[in-house]
Amino acid sequence: MEKFSFVPKGVCARQIDFEIEDGKLHNVKFTGGCDGNTKAISKLLEGADAANTVDILKGNLCGMKGTSCADQLAKGIEQAMAQ
């Protein structure tokens with residue numbers, strides 16, 4: 001399992017850690033952010049297809065921020081898959 005760490009921009013979360021194995025997400029963990037929401041995202045994404053997750057979460061906005069923790073996770077996953 002390959003581990004990744006992503007530093008999001010424009011959101012309350014300070015770091016997003018996750019693992020990808022065989023194209024599936026595992027152990028998604030947000031440091032900071034809205035605790036209940038980020039824990040729920042992490043639970044929902046356990047074992048989810050990484051590419052599909054990007055399609056679903058990319059462009060999801062939080063208020064007037066122009067991004068969200070979910071959108072930033074999608075960007076982190078995209079970067080990880082491009083490596």
Side-chain angles (χ1 to χ4, degrees):
M1 206 171 307
E2 195 166 357
K3 296 180 181 189
F4 299 94
S5 185
F6 179 75
V7 178
K9 293 176 178 49
V11 296
C12 300
R14 297 179 306 280
Q15 184 168 314
I16 307 171
D17 298 300
F18 57 93
E19 298 174 1
I20 298 177
E21 182 177 52
D22 298 326
K24 306 290 183 193
L25 289 171
H26 299 282
N27 303 315
V28 176
K29 182 178 182 262
F30 291 81
T31 302
C34 300
D35 191 51
N37 290 337
T38 56
K39 283 181 181 174
I41 290 169
S42 298
K43 288 179 181 181
L44 287 169
L45 294 179
E46 183 60 33
D49 181 80
N52 188 49
T53 298
V54 170
D55 291 341
I56 292 169
L57 298 181
K58 192 171 183 181
N60 183 53
L61 305 180
C62 181
M64 302 298 289
K65 293 181 180 183
T67 190
S68 68
C69 289
D71 180 57
Q72 289 294 299
L73 173 59
K75 290 177 181 184
I77 295 167
E78 271 187 323
Q79 282 186 7
M81 291 190 313
Q83 292 181 4

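Along the sequence shown, residues carry numbers from 1. Atom set for the values below is all heavy atoms of this structure, side chains included, hydrogens, waters and symmetry mates excluded.
- Side-chain atoms of Thr31 and Arg14, non-hydrogen and from C-beta on, do get closer than 4.5 Å to each other.
- Under the 4.5 angstrom side-chain criterion for Ile, Leu, Val, Met, Phe, Trp and Tyr, Val7 has no cluster partners at all.
- Note: the hydrophobic cluster containing Ile16 also contains Leu57 (ILVMFWY, side chain heavy atoms under 4.5 Å, direct or indirect links).
- Applying the side chain to side chain contact (heavy atoms under 4.5 Å, CB included) rule to Ala40 yields no partners; only residues at least two apart in sequence or on another chain are considered.
- Counting heavy atoms from C-beta on, the side chains of Lys3 and Asn27 never come closer than 4.5 Å.
- Checked against side chain to side chain donor-acceptor pair (under 3.5 Å), Gln15 has the following partners two or more places apart in sequence or in another chain: Ser5, Asp17.
- Residues satisfying the side chain to side chain donor-acceptor pair (under 3.5 Å) test with Lys39, not counting sequence neighbours, are Asp35.
- The ring-ring contact (aromatic ring centres under 6.0 Å, His included) pairs that include a residue from residues 4-39 are Phe4-Phe18, where partners are two or more places apart or lie in different chains.
- Applying the side chain to side chain donor-acceptor pair (under 3.5 Å) test to Asp22 and every residue at least two apart in sequence or in another chain returns nothing.
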Name each donor-acceptor pair under 3.5 Å that joins a side chain in residues 66-78 to protein atoms two or more places apart or in another chain, with its distance.
{"residue": "Thr67", "atom": "OG1", "partner": "Asp71", "partner atom": "OD2", "Å": "2.6"}
{"residue": "Thr67", "atom": "OG1", "partner": "Gln72", "partner atom": "NE2", "Å": "2.9"}
{"residue": "Ser68", "atom": "OG", "partner": "Asn60", "partner atom": "O", "Å": "2.7"}
{"residue": "Ser68", "atom": "OG", "partner": "Asn60", "partner atom": "ND2", "Å": "3.4"}
{"residue": "Ser68", "atom": "OG", "partner": "Ala70", "partner atom": "N", "Å": "3.3"}
{"residue": "Ser68", "atom": "OG", "partner": "Asp71", "partner atom": "N", "Å": "3.0"}
{"residue": "Asp71", "atom": "OD1", "partner": "Gly59", "partner atom": "N", "Å": "2.6"}
{"residue": "Gln72", "atom": "OE1", "partner": "Lys9", "partner atom": "N", "Å": "2.9"}
{"residue": "Glu78", "atom": "OE1", "partner": "Lys58", "partner atom": "NZ", "Å": "3.2"}
{"residue": "Glu78", "atom": "OE2", "partner": "Lys58", "partner atom": "NZ", "Å": "3.0"}

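- With rounding to the nearest 0.5 angstrom, the CD atom of Glu46 is 14.0 Å from the CD1 atom of Ile41.
- In this structure Asp49 satisfies the side chain to side chain contact (heavy atoms under 4.5 Å, CB included) test together with Lys24, Ala51, Asn52, sequence neighbours excluded.
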